[in-house]
Amino acid sequence: MAKVIGIITCNYTSKEKDFTSADRPIAAVPYVGRYRVIDFPMSNMVNAGIRTIGVIMPKNFRSLTDHLGAGKEWSLARKNGGLFILPGTAFGTARVGSRFLIRDLIQNRAMLERSSDGYVVFSSANIVFNADLNELVDAHIASGADITAYTKIANEDDADVVAFDAEDGVVKGMKYGVKEGELAFLDTFVVKRSLLLDMLDWYAANDHLDLIEAALTHGAPLTINTFMYDGYCAAIFNKMSYFRANMDMLDPELYAALFPSGRHVKTKTHDTPPAKNETGSKVTKSLVSAGCRIYGIVDGSVLSRNVIVEPGAVVTDSILMQGTVIKSGAVVDHAIIDRNNVIPAGTVLKGTAEDVLAKGKARD
Amino acid sequence: MSKKECVAMLLAGGQGSRLGVLTSDVAKPAVSFGGKFRIIDFPLSNCANSGIDTVGVLTQYRPYLLHSYIGTGEAWNLDERGGGVSILPPFATQTGGSWYAGTADAVTQNLGYLKQNDPEYVLILSGDQLYRMDYHDMLQCHKDNNADLTVAVMPVPWEEASRFGIMNCDDEGRILEFVEKPKEPKSNLASMGIYIFTADLLIKTLEEDAVDPNSSHDFGGDIIPKLLADGKRLFTYKFEGFWRDVGTISSYLETSMDLLGSEPAFDIFTNEFPIMSNSSTRPPAFYGPNAEVEDCLVDNGAQIFGKVTRSILAHDVFVGEGAVVEQAVLLPGARIEAGAKVVNAILGDKVVVEAGATLGSLDADTATVGNGDVVRKGE
């Protein structure tokens with residue numbers, strides 16, 4: 001592969017107060033039990049051979065730095081290159097719009113200047129998919145475009161995903177919010193490093209803009225090619241899209257698409273024993289992480305590590321995060337239970353398929 | 001060179017020939033155990049949890065997997081500057097080289113490593129035992145007794161005592177006599193093969209043993225009897241917890257089953273003394289719509305569509321629709337295809353049991369299938 005560095009932007013959280021805990025960046029939200037959303041862009045880059053990755057932090061970065069550590073799990077704890085934790089400029093975490101804020105990049109210009117690599121791949125930390133980024137970079141180099149962006153025909157409306165207006169594979173305009181059948185931008189693109197540095201100079205006066213927006217609307221428009229992706233992808237911006245993206249993984253075909261055997265998704269590992277299914281338990285159509293102890297009934301659900309489902313408890317169509325305890329006889333249905341919650345015996349927590357119940361993080 | 005209080009020497013070179021196909025291509029300490037561990041995780045985790053940060057791992061038999069698994073030791077927090085894990089295989093010198101000829105010889109050949117670290121005490125460990133022990137307590141016992149050598153012992157049932165190396169002691173725990181497999185045991189305290197030596201004495205004794213033509217260079221057979229004969233201060237350290245040497249297929253299966261049940265004999269779900277491992281990153285285990293899984297340990301990455309009871313499933317194990325698995329240990333990547341039946345069996349890495357095939361029975365000896373082999377229907 002051509003020499004490439006990666007930048008991941010993490011400055012986005014949910015507009016919904018009850019969706020996991022307020023202020024946690026989406027990048028750090030647990031997904032499919034044992035992962036965090038950021039693992040997917042990180043792993044795409046690392047699996048493509050990228051060994052220098054800068055992660056632009058939101059203000060509330062504790063959970064992210066806890067997860068990423070020195071980057072060891074992604075082979076990024078190294079002498080040359082590796083993981084760079086970069087400061088963002090936004091005060092707080094964006095709830096709308098911009099993913100690739102120009103002033104965030106200007107602030108971290110030094111990393112871009114010090115590199116000798118030819119290209120920079122960008123990803124946000126809201127859209128999960130598993131792709132070979134070498135294909136994107138190769139197509140970009142072959143086409144001679146200024147920027148090449150991953151795109152997909154949207155299966156549904158999504159107010160938070162960027163839509164491109166494109167003709168013959170070249171982007172003519174963009175808007176926030178995509179409708180079914182339109183071209184969705186997967187928040188992942190590649191650009192030549194030297195051009196990126198020029199762009200930061202050209203757009204410095206408009207540093208509140210998103211880089212892609214500026215490229216389309218300011219000065220001489222740049223050529224942005226689309227690169228179609230047809231595998232599984234999920235945009236995670238709010239409670240229901242998060243819930244559906246988890247439930248998708250209970251379909252073996254979608255699971256196989258997001259976790260192909262050749263491109264493992266890397267994440268922080270823990271010393272948890274395997275999950276234990278006790279006598280009398282019943283687990284069906286579910287994903288269960290290591291360290292769980294199941295005595296009761298679990299169906300259609302996704303469980304993070306160290307969850308306990310006591311005898312007589314029933315968990316259906318729900319997401320239980322790390323350390324949750326469902327006491328005897330409790331019923332949890334269509335719910336997202338954030339970490340360390342203890343649901344008392346006999347409690348009934350029910351949401352609906354259209355509006356799942358979300359219970360925020362309990363104290364450690 | 002900085003002074004270390006205690007350095008561990010972990011004997012991990014054994015073949016474990018009685019484990020049959022399980023060790024046909026890996027050393028015994030590298031054999032998978034309990035769904036996500038390898039046997040060597042236990043002594044390495046004990047070292048880390050006991051605050052011992054300098055561990056020499058003596059390897060010999062089929063060491064590649066063991067070496068790559070241990071790596072820098074980071075999985076056990078043993079990637080320390082000025083210490084950490086050092087892998088010590090046999091090596092050549094200007095006067096030639098030789099294989100490790102016995103447990104004591106393996107350490108003798110690495111006296112250079114010990115002298116370089118210059119510890120006050122040396123902990124000798126076996127890489128093929130399953131237990132949780134705080135070596136710090138044992139070291140304290142060694143110091144309190146002003147001992148030259150402390151041997152960890154555990155009480156075994158009297159009727160089984162003649163299978164072990166038995167320590168006969170006085171009331172203070174001082175060893176009077178060591179008898180290997182006594183016909184009429186006078187004590188039921190069995191040696192666990194875990195020793196703490198005062199370093200200077202160990203070095204001197206090993207140097208003498210090396211030139212003794214009558215020695216077989218074994219800690220139990222030669223070194224302990226010699227120290228007793230010399231009147232040195234040998235004491236026992238009594239251990240009462242769970243400890244197993246999984247030497248045979250049947251003890252491997254039995255010890256695996258000790259992890260199961262509502263009150264397992266060996267509890268691996270404890271945060272206080274965690275067993276650390278160099279684990280893989282796989283997605284959570286997937287359960288199909290018709291899965292029936294009871295009394296099992298299931299690691300990440302397993303996919304289960306059939307019925308599994310009283311079994312241990314390592315990562316990437318696949319159990320197809322309609323398949324039945326009972327009292328089995330399935331090592332990483334084992335694949336039980338639709339409708340197959342596996343009972344009372346241990347399947348190695350990436351074994352495939354083809355659709356509709358049958359393997360094993362509760363009435364027969366435990367069936368074993370070596371890494372990568374295929375069990376076909378009608379075989």
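Chain A is the first sequence line, chain B the second, and so forth, proteins listed ahead of strands; every chain is numbered from 1. Just so you know, these numbers use all the heavy atoms, side chains as well, and skip hydrogens, waters and symmetry mates.
Contacts between A/Thr269 and chain B at a heavy-atom distance below 4.5 Å involve the side chain alone, from C-beta outward. Only the backbone of A/Val265 has a heavy atom closer than 4.5 Å to any heavy atom of chain B. For A/Arg293, the part lying under 4.5 angstrom from a heavy atom of chain B is the side chain only. Neither the backbone nor the side chain of A/Ser304 comes within less than 4.5 Å of any heavy atom of chain B. At a 4.5 Å heavy-atom cutoff, the contact between A/Lys282 and chain B is made by side-chain atoms alone. Residue contact with chain B, scored on non-hydrogen atoms closer than 4.5 Å, is absent for A/Lys268. Both the backbone and the side chain of B/Leu297 come within contact range of chain A, each with at least one heavy atom under 4.5 Å from a heavy atom of that chain. For chain B, the nearby part of A/Tyr255 is the side chain; its heavy atoms alone come within less than 4.5 Å. Proximity to chain A (any heavy atom under 4.5 Å) is shown, for B/Thr309, by neither the backbone nor the side chain.
Counting non-hydrogen atoms of neighbouring residues, nucleotides and ligands closer than 6.0 angstrom, the CZ atom of B/Phe273 exceeds 12 such neighbours.
Smallest separation of non-hydrogen atoms from B/Phe269 and A/Gly291: CE2-O, 3.7 Å. Here the shortest heavy-atom pairing between A/Ser289 and B/Pro284 reads OG-CG, 3.4 Å. B/Ser279 approaches A/His270 most closely through the heavy-atom pair OG-O, 4.2 Å. Between A/Leu287 and B/Phe286, the shortest heavy-atom contact is CD2-CD1, 3.6 Å.
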Report task. Test A/Asn277 against B/Tyr287 for side-chain contact (heavy atoms from CB on, under 4.5 Å), laying out the working first. Result -> CA-CA 12 Å; A/Asn277 298 64; B/Tyr287 294 72; 3.1 Å; yes
Query raised in the report: Between B/Asp295 and A/Thr279, does a side-chain contact (heavy atoms from CB on, under 4.5 Å) hold up when you go through it step by step?
Result: CA-CA 5 Å; B/Asp295 199 12; A/Thr279 302; 3.5 Å; yes
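Taking B/Ala302, B/Ala314, B/Gly288 one by one and counting their heavy-atom pairs under 4.5 Å with chain A, the maximum is reached by B/Gly288. Highest contact tally toward chain B, considering only A/Thr284, A/Leu303, A/Val288, is held by A/Val288 [criterion: heavy-atom pairs under 4.5 Å]. Highest contact tally toward chain A, considering only B/Pro289, B/Pro283, B/Pro274, is held by B/Pro283 [criterion: heavy-atom pairs under 4.5 Å]. Ranked by heavy-atom pairs under 4.5 Å with chain A, the first of B/Gly34, B/Gly35, B/Cys296 is B/Cys296. Ranked by heavy-atom pairs under 4.5 Å with chain B, the first of A/Ser281, A/Ser261, A/Gly33 is A/Ser281. Heavy-atom pairs under 4.5 Å with chain A peak, among B/Asn300, B/Leu260, B/Ile312, at B/Asn300. Contact count against chain A (heavy-atom pairs under 4.5 Å) is highest for B/Arg282 among B/Arg282, B/Glu292, B/Gln303, B/Glu74.
In this structure the side chain of B/Ile268 reaches within 4.5 angstrom of the side chain of A/Pro274, judged on heavy atoms. Between A/Glu278 and B/Glu294 the shortest side-chain heavy-atom distance does not fall below 4.5 Å.
Although no hydrogens or angles enter the test, the distance criterion places a donor-acceptor pair under 3.5 Å between the side chain of B/Lys36 and the main chain of A/Thr272.
Rounding to the nearest 0.5 angstrom, the gap separating the CZ atom in B/Phe37 from the CG atom in A/Asp271 is 8.0 Å. Interatomic distance, OG of B/Ser280 versus NZ of A/Lys266, reported as 11.5 Å (0.5 Å rounding). Atom CD of A/Glu73 and atom OG1 of B/Thr281 lie 7.5 Å apart (nearest 0.5 Å).
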